Amino acid sequence: MEIIQWLSYIMIPVCIVSSILLMIYGKNKHIKYLDPKVPLGRLFYFFGNAFSFMCCILLISFGSYVIQSKDIAEGIKYLILDIFIVPFLLIFFFMTGMRRAYDIGFPFWVYPIFIASILLSLFINDTIFEFLILGMYLFLLQPGRNNN
């Protein structure tokens with residue numbers, strides 16, 4: 001049972017690395033849903049982020065179920081659900097932001113750096129973190145290249 005709980009702790013870093021590799025693969029092979037140079041409008045950016053946050057709540061709840069599970073079968077069941085949700089969540093979250101950043105006129109790699117700076121600012125000051133989270137939604141207010 002300790003092995004399953006240990007897997008639940010290392011699952012998020014493993015899924016982060018796998019989602020980064022999938023995004024690189026999608027960019028190189030020009031896969032439609034994994035290519036950040038495909039423009040994305042404001043409405044899809046808003047719904048994409050809302051969907052990602054809902055999936056994040058599922059991730060946290062399933063992760064806690066893995067840690068609190070009493071038998072191996074239940075732990076493996078929730079661990080498999082997490083393994084399928086986490087890479088989809090990360091790819092979907094970053095792809096919506098990267099595609100929206102490219103639509104506005106920024107390089108697409110600015111968005112992951114911006115998200116990393118938001119998360120690091122949480123350790124410095126809560127007010128700065130909240131301000132930067134609002135900055136993430138300023139992407140909704142910017143017109144895209146097609147709207148100019």
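What you see is a predicted model; the values in this text were computed from it and never measured.
Partners of Leu21 according to the side-chain contact (heavy atoms from CB on, under 4.5 Å) rule, which considers only residues two or more places apart in sequence or in another chain, are Val17. With sequence neighbours excluded, the residues that form a side-chain contact (heavy atoms from CB on, under 4.5 Å) with Asn125 are Thr127, Ile128.
Residues Ala101 and Pro107 approach most closely at CB-O, 4.3 Å, considering heavy atoms. Closest non-hydrogen pair, Ser121 versus Leu132, comes out as OG-CD1, 3.6 Å.
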Test log, rule side chain to side chain contact (heavy atoms under 4.5 Å, CB included), inputs Phe129 and Ile124: CA-CA 8 Å; Phe129 173 74; Ile124 298 170; over 6 Å; no

Pair Tyr111-Arg99, side chain to side chain contact (heavy atoms under 4.5 Å, CB included): steps then yes or no: CA-CA 9 Å; Tyr111 190 75; Arg99 290 168 69 183; over 6 Å; no

From CA spacing to verdict: side chain to side chain contact (heavy atoms under 4.5 Å, CB included), Leu122, Asp126: CA-CA 6 Å; Leu122 183 60; Asp126 290 341; 3.8 Å; yes

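Residues Phe94 and Leu120 are members of separate hydrophobic clusters, defined by side-chain heavy-atom contacts under 4.5 angstrom among Ile, Leu, Val, Met, Phe, Trp and Tyr. Both Tyr25 and Phe108 are assigned to one and the same hydrophobic cluster, defined by single-linkage of ILVMFWY side chains at heavy-atom distances under 4.5 Å.
Arg100 contributes atom CZ, which lies 10.5 Å from atom CZ of Phe106 (distance to the nearest 0.5 angstrom).
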